[in-house]
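Just the heavy atoms: all of them, side chains too, but no hydrogens, waters or symmetry mates, feed the values below.
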Number of protein chains: 2
Amino acid sequence: MRVLVVNVGSTSVKYNLYEMDTEARLAAGRVERVGTADATHIHEGGSDRIDGRDVTGALRAILAHLTREGGPLPDPTALAAVGHRVVHGGEQLVTPTPVDERAERIIEECAAYAPLHNPVNLAGIRAARAVFSQVPHVAVFDTAFHAQLPPHAYSYAIPHELYLEKGIRRYGFHGPSHQYMALSAAEHLGTHLSRLKLITCHLGGGASVSAIEHGVSVETSMGMTPLEGLVMGTRAGDLDPAIPMLLAKQGMAAGDIDELLNRRSGLAGLSGIGADFRDIQQAAEGGDPRARLAIEVFVHRLRKYVGAYAATLGGADAIVFTGGIGENSALVRSKVCEGLIFMGVALDERANETKRAADHGGIVEISAHRAPTKVLVVRTDEERMIAREVMRCVVGPTATIRSVRA
Amino acid sequence: MRVLVVNVGSTSVKYNLYEMDTEARLAAGRVERVGTADATHIHEGGSDRIDGRDVTGALRAILAHLTREGGPLPDPTALAAVGHRVVHGGEQLVTPTPVDERAERIIEECAAYAPLHNPVNLAGIRAARAVFSQVPHVAVFDTAFHAQLPPHAYSYAIPHELYLEKGIRRYGFHGPSHQYMALSAAEHLGTHLSRLKLITCHLGGGASVSAIEHGVSVETSMGMTPLEGLVMGTRAGDLDPAIPMLLAKQGMAAGDIDELLNRRSGLAGLSGIGADFRDIQQAAEGGDPRARLAIEVFVHRLRKYVGAYAATLGGADAIVFTGGIGENSALVRSKVCEGLIFMGVALDERANETKRAADHGGIVEISAHRAPTKVLVVRTDEERMIAREVMRCVVGPTATIRSVRA
Ligand SMILES: Nc1ncnc2c1ncn2[C@@H]1O[C@H](COP(=O)(O)OP(=O)(O)O)[C@@H](O)[C@H]1O
Ligand SMILES: Nc1ncnc2c1ncn2[C@@H]1O[C@H](COP(=O)(O)OP(=O)(O)O)[C@@H](O)[C@H]1O
């Protein structure tokens, strides 16, 4: 059975086509500069200029490409479903959800918490339902994996009415990545998820940590929105809530505060160099004091979350790293784990420097041989995880081979 | 040498008079309902209605009481100094500071970060300088003990210019209490502070945690203002910074958001019962679900900080509890320490239930006999700590007997 996973951003459409009996990836590509006259479709065979002045045009080009003579899809009805990544599902959409009017309406309502993402995701779903009109569409939510957070973890200490009336609570994001890390770790460790306590660190442009107990996310660092938590590329993460209020009192407009904290803060704001961790690491090696500070703040905050979640779990069996920074920065992993021997964490520094998840089937162990808490690096695959979740929705739980095995 | 410590609040003036050669407390009292026609001076001998329509009146009554026939102070010039507790000293006032024009000006500037406290503290200093006009006045800051926070701990991940130009950084509060806990713990453990790693938890109406390494505060949970960090009586503590912005976008005025997060949140907002932990604990025992949630959120957040600071310190020699909740709630201490054996923490539950710091010279150990991390309960004494700091300012560091010994 084939599943097409679509991820619609503000200027791009990414897609992956899977044969789910084997989880083989049959095709992958993306359309860039959607909405301009220069829209370009990049695929295995090269790249084409297309008519992608809107998302519908981009999706038509993708459909034509997949169903071309000799392409991986004889016709659209060969798809079991089209899966859509949606950032925010709120409290109502917490499992992979067949898209209908009601689902669309809730996605629209959740735009209050994810104003940058949900409207774009919804536009993508609507366009895709028109282009791939004969197959079911399934929405998979970044928030869904955290739907079982216990009340003591999801509640803010604000009047209870604000939760009941406005849905102000912690939701968490990056669900597919945390779920994928947990499944991969369980498989690698040869232990059923129901017997594991894991701390999963997704460190990419956005970044979040989760505490996973028996396969369930019981704490996570992003909150009502993806602004809370770790230091990210351009997002501030944790902040005294008095700071946005101080800026507002000093005359800054709400939209500018939003922009400041979401787009000009984080590693970019601290370093003054930009959001790319490679550039910052290079500048730090060259002695740049602000680049060094940016890395130190990033690492210090992450260490605190690792300790906090170890306390939440009562100790962890493994710490898992992924994302562009988590997979590639031996420096970050080394600094985060430094001095954590008191809680059973010790790195094999040579393995940390030299081993790459990509060279070991997507997962590699970098902890010292006898350290009780394993440290793993995983090459995350959110699209594959979404495809599995789509199958769980379309066929039922037994269909998702790896989810069940791990 | 005698030191009078004065703590001016919005409707009260508290005072303590010490003979610092022995640290004996010679007098203690408070004037309540300052600013009304009902101002009342409560002291060892009972209580008097006084003319306390302003702070000056209250201070005059205190002076008259202390210098009365047979009182503890022959005349005001017998004071080595008057010490004032001031909430925010910013980056410039980081040691006990003789009050002059410059100091008053900086305290005034720091009102930007502590609008509820600094103006009141300053008015108190000005009134006291008029009433006790012949003796030196020394300001001791809640922020001062945290002045050596390293940059990676005090920096928010926002554009660096906001720190340089507006002083937006973490400062930390409750300094005298954290410092007092650290000194008491060192004395109790018979180990010099320079060899200890401590996690100090001040859990009162306001609440904060600090990580103390070699006597220096290296992390603390309150930030630019006392709003950040733990759940408190009426303050929200940690919060997605998008939440105040969401409320503002929905039309709530800045002052109302301030009021919501500072005065109607925390334990009071979660429980719907009020800010008093005893009432909440009682309601929880009676089965009230919101009271239970309030306690669970309070404890969960504190556990996370304990784990985070253990990671920051690379393990802790002791965890210290104080404040109305920290000293008195065996429930909170038990839940916080539960399952932390992985990091060396285990309570002696019987000692936790039955032993009181007040019955053991102000400090008592409640950890299991062989647990590597000690758990201590301390009866904090911020006024005494302030008096010691005043002496350090007036006479020099060798004067503060206990600070030097511990
Ligand atoms: N070799 C590397 N060393 C350090 N950081 C890296 C390396 N490769 C990629 N990164 C960083 O990873 C981040 C992007 O992560 P990624 O997961 O690709 O982002 P996104 O969340 O946008 O998908 C960037 O900050 C990038 O600099
Ligand atoms: N026996 C007790 N059990 C639980 N909580 C207590 C007990 N006694 C006092 N408290 C709580 O301590 C808090 C006040 O702490 P305190 O340090 O006196 O406050 P402040 O910070 O205002 O000086 C209140 O929430 C109160 O309910």
Any side-chain heavy-atom pair from [X] and [Y] closer than 4.5 angstrom?
| X | Y | value |
| --- | --- | --- |
| A/Met245 | B/Leu261 | yes |
| B/Tyr156 | A/Asp240 | yes |
| A/Pro241 | B/Ile243 | no |
| B/Arg301 | A/His152 | no |
| B/Lys304 | A/Tyr309 | yes |
| A/Ile158 | B/Leu260 | no |
| A/Asp238 | B/Asp238 | no |
| A/Thr225 | B/Leu246 | no |

Among [options], who wins on heavy-atom pairs under 4.5 Å with chain B?
| options | answer |
| --- | --- |
| A/Pro151, A/Gly315, A/Gly339 | A/Gly315 |
| A/Gly314, A/Ala112, A/Pro159 | A/Pro159 |
| A/Val231, A/Val306, A/Leu270, A/Ile295 | A/Leu270 |
| A/Gly266, A/Gly223, A/Gly255, A/Ala254 | A/Gly266 |

Below 4.5 Å from any heavy atom of chain B, which atoms of [X] appear? Answer side chain, backbone, both or neither.
| X | value |
| --- | --- |
| A/Leu162 | side chain |
| A/Gln250 | side chain |
| A/Ala153 | both |
| A/Ala248 | neither |

Just verifying a value: how many Å separate [X] [atom1] and [Y] [atom2], rounded to the nearest 0.5 Å?
| X | Y | atom1 | atom2 | value |
| --- | --- | --- | --- | --- |
| A/Ile168 | B/Leu247 | CD1 | CG | 4.5 Å |
| B/Ser155 | A/Leu293 | OG | CG | 4.5 Å |
| A/Glu219 | B/His300 | CD | NE2 | 3.5 Å |
| B/Phe342 | A/Thr373 | CZ | OG1 | 8.5 Å |
| A/Ile257 | B/Lys249 | CD1 | NZ | 9.5 Å |

So what's closer than 4.5 Å to chain A heavy atoms on B/His160: side chain, backbone, both or neither?
both
Checking B/Pro244 against chain A: side chain, backbone, both or neither under 4.5 Å from a heavy atom?
side chain
Does the pair A/Glu161/B/Arg290 count as a salt bridge with the N-to-O cut at 4.0 Å?
yes
For B/Glu349, is the CD atom crowded, meaning more than 12 foreign heavy atoms sit under 6.0 Å from it?
yes
Does atom CD of A/Gln148 have more than 12 heavy-atom neighbours, drawn from other residues, nucleotides or ligands, at distances under 6.0 Å?
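No, CD of A/Gln148 has 12 or fewer neighbouring heavy atoms, counting only those of other groups under 6.0 Å.
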Relative to chain A, which of B/Gly344, B/Ala236, B/Gly237, B/Gly272 shows the most heavy atom pairs under 4.5 Å?
B/Ala236
Against chain A, work out which of B/Ser271, B/Gly229, B/Ser265, B/Ala242 has the most heavy-atom pairs shorter than 4.5 Å and name it.
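That would be B/Ser265.
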Report, by ascending residue number, the residues of residues 199-214 of chain A in heavy-atom contact with chain B at a distance under 4.5 Å; give 'none' if the set is empty.
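Counting heavy atoms that sit under 4.5 Å from chain B, no residue of residues 199-214 of chain A is involved.
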